[in-house]
Number of protein chains: 2
Amino acid sequence: MITLLLVEDDQDLGKILKQYLEMQGFRVLLAGTGEKGWTLFLEEHPALCILDIMLPGMDGLSLGKKIKQKNADQPLLFLTARTSKEDILKGLKTGADDYICKPFEPEELVLRIRNILRRTGRLEPEALHIGKFLFIPDRLELSGYGNTYRLTLKESQLLKYLLAHRDQLLRREDILVELWGENDYFLGRSLDVFISRIRKYLKPGKDIQLETIRGVGYVLRTTIDDPRPNGRSSGRG
Amino acid sequence: MITLLLVEDDQDLGKILKQYLEMQGFRVLLAGTGEKGWTLFLEEHPALCILDIMLPGMDGLSLGKKIKQKNADQPLLFLTARTSKEDILKGLKTGADDYICKPFEPEELVLRIRNILRRTGRLEPEALHIGKFLFIPDRLELSGYGNTYRLTLKESQLLKYLLAHRDQLLRREDILVELWGENDYFLGRSLDVFISRIRKYLKPGKDIQLETIRGVGYVLRTTIDDPRPNGRSSGRG
DNA sequence: TCATTGGGTTAATGAAATGTTAATGTCCGG
DNA sequence: CCGGACATTAACATTTCATTAACCCAATGA
């Protein structure tokens with residue numbers, strides 16, 4: 001199991017984050033001060049340190065510097081208030097590490113954590129098969145038939161969602177709510193555009209059908225992954 | 001039948017919710033503490049866990065975390081009070097999960113429950129038997145005698161309506177009002193067309209008659225009403 | 001028997017849904 | 001301020017499918 005070190009002096013925030021991250025399958029060490037964080041770092045060698053910048057005593061940046069001196073490759077992720085000085089933010093950006101401004105969505109935090117872990121080779125990227133394609137959502141990469149496409153974020157999200165529900169009839173409304181958060185006419189057209197693009201990518205895969213169910217939504221079917229003996233005839237003669 | 005686990009320490013609220021959800025056709029396990037909830041989760045593998053965050057002893061988040069560790073795909077729905085940490089709790093919405101703030105309308109809760117179950121594919125699609133055919137309205141699929149037909153939305157709605165009233169004499173007018181919202185001469189002809197199509201689909205089923213009652217309407221009769229070829233073992237998990 | 005009426009069936013039609021490509025807007029880093 | 005990347009919106013093309021029309025037969029009743 002992957003161990004994270006979280007150094008955060010706000011008790012409530014710290015506990016909630018800890019629980020949330022644990023729910024996502026990480027092991028989380030929580031420290032309330034920079035000093036405690038340093039000790040835990042030495043003892044446990046966490047895969048990633050998440051450091052709040054504003055800390056009583058040793059602040060997050062100092063702790064980060066100390067950690068880097070001990071282990072230059074140690075991945076760090078800083079939590080910072082939005083009001084921080086621009087130069088600090090710049091400094092954080094240019095370094096090899098990531099940072100995230102409070103207040104943030106835990107979802108986003110988890111995304112960044114996974115990204116860092118993957119970049120630094122501590123987490124295997126999720127790889128999904130679609131017929132003869134290989135899709136790595138975290139890298140926004142779809143490869144197969146001699147090509148590798150770099151998908152955009154939305155393309156990737158849509159493909160992932162379709163794939164997570166293969167052979168299910170997905171109502172347009174559900175897709176819209178899941179990916180866009182709401183459902184109106186123009187978003188609907190947007191969905192059409194993305195469906196179109198995904199079809200273009202998947203075109204070489206003759207065993208993959210992204211079918212339209214008029215008035216309802218879409219179904220993604222793959223023959224290779226779900227080999228059914230036979231007997232699917234079209235409805236209309 | 002779909003099983004839900006509800007962990008809620010408020011006895012009254014718990015009972016009311018349980019009854020309401022049972023009225024909606026769910027099987028509901030009610031636990032008053034996190035510990036009891038954990039036991040029930042292990043024993044019953046519910047399709048969805050509904051967890052109050054504020055619980056004596058093991059709180060909802062901790063329980064959720066424990067459940068996720070056991071089964072990362074387990075859908076969760078949190079009940080939460082509208083507190084200062086609202087912005088953080090907002091982040092609990094991730095993937096299969098959702099949250100709802102107290103106080104809430106039971107209808108809204110049911111809506112969210114159904115959404116999650118549908119998204120995660122745990123809501124068994126309604127499957128209806130017609131002679132030797134199997135009809136799944138949610139998928140617009142009618143299969144039997146070696147074929148699977150993809151029905152259109154209207155075809156599907158009509159078939160569903162007929163089936164819901166098998167062996168009853170359905171007046172043309174009633175069908176029209178139910179499916180089209182009104183009743184005029186041309187809609188009547190439209191109905192004729194759809195009846196014709198449905199008869200075509202059902203043709204191989206000699207034990208199925210969609211009879212015309214001239215001047216009144218139709219009756220759908222099936223000789224084999226409740227097909228139990230090898231006992232009723234639910235093919236799904 | 002024929003006349004009449006309700007319904008059956010098939011094909012043509014047109015509106016709405018969707019597909020597709022291009023233009024526009026927006027954000028972000030330099 | 002500019003340029004690139006990308007989502008969104010617009011504009012136009014295409015497809016699907018309910019409706020409508022047309023023509024048929026079957027039942028009813030005088």
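In the text below, chain A, chain B and the rest are named by the order of the sequence lines, each starting its count at 1.
Every pair passing ring pair (Phe, Tyr, Trp, His ring centres under 6.0 Å) that includes a residue from residues 139-158 of chain A is listed here, sequence neighbours excluded: Phe133(A)-Tyr145(A), Tyr149(A)-Tyr201(A). Among pairs with a residue in residues 190-199 of chain A, those fulfilling salt bridge (Lys or Arg N to Asp or Glu O under 4.0 Å) read Arg172(A)-Asp192(A), Arg189(A)-Asp192(A), at least two apart in sequence or across chains. Judged as a ring pair (Phe, Tyr, Trp, His ring centres under 6.0 Å), not a single pair has a partner in residues 51-72 of chain A (not counting sequence neighbours).
Straight-line distance from the CG atom of Leu191(A) to the P atom of dA10(D): 17 Å, rounded to whole Å. In this structure, Leu153(A) atom CG and dC27(C) atom C1' are separated by 14 Å, rounded to whole Å. In this structure, CG of Leu151(B) is placed 15 Å from C1' of dA18(D), rounded to the nearest angstrom. Distance, Arg171(B) CZ to dG6(C) C1': 16 Å, rounded to whole Å. Counting to the nearest Å, the C1' atom of dT26(C) and the NZ atom of Lys154(A) are 13 Å from each other. To the nearest angstrom, C1' of dT19(D) lies 13 Å from CD of Glu182(B). Atom pair Glu211(B):CD and dG7(C):P shows a separation of 15 Å (rounding to whole Å applied). For the pair Phe186(B) CZ and dT20(D) C1', the computed distance is 7 Å after rounding to whole Å.
Here Arg150(A) pairs with Glu141(A) under the side chain to side chain donor-acceptor pair (under 3.5 Å) rule; sequence neighbours left out. Ser62(A) is linked by a side chain to side chain donor-acceptor pair (under 3.5 Å) to Asp59(A), counting only residues two or more places apart in sequence or in another chain. Applying the side chain to side chain donor-acceptor pair (under 3.5 Å) test to Ser190(A) and every residue at least two apart in sequence or in another chain returns nothing. With sequence neighbours excluded, the residues that form a side chain to side chain donor-acceptor pair (under 3.5 Å) with Arg112(B) are Asp98(B), Glu108(B).
Within the nucleic acid shown, Thr152(A) comes within 4.0 Å of sugar-phosphate atoms alone, with no base atom in reach, counting heavy atoms only.
Surrounding CD of Glu105(B) are at most 12 heavy atoms belonging to other residues, nucleotides or ligands under 6.0 Å away. Heavy-atom contacts from other residues, nucleotides or ligands closer than 6.0 Å to NZ of Lys154(A) number more than 12.
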Reading nucleotides 17-24 of chain C from 5' to 3' and marking B where a protein heavy atom lies under 4.0 Å of the base, S where only the sugar-phosphate is that close, and - otherwise, the string is BBBBB---

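In the helix from dT1(C)-dA30(D) to dG30(C)-dC1(D), the terminal helix axes, each the rotation mapping four pairs' C1' atoms onto the next four within five end pairs, subtend 30°, rounded to 10°.
Proximity of Trp180(B) to the phosphate of dA18(D): no side-chain N or O atom is located under 4.0 Å from OP1 or OP2.
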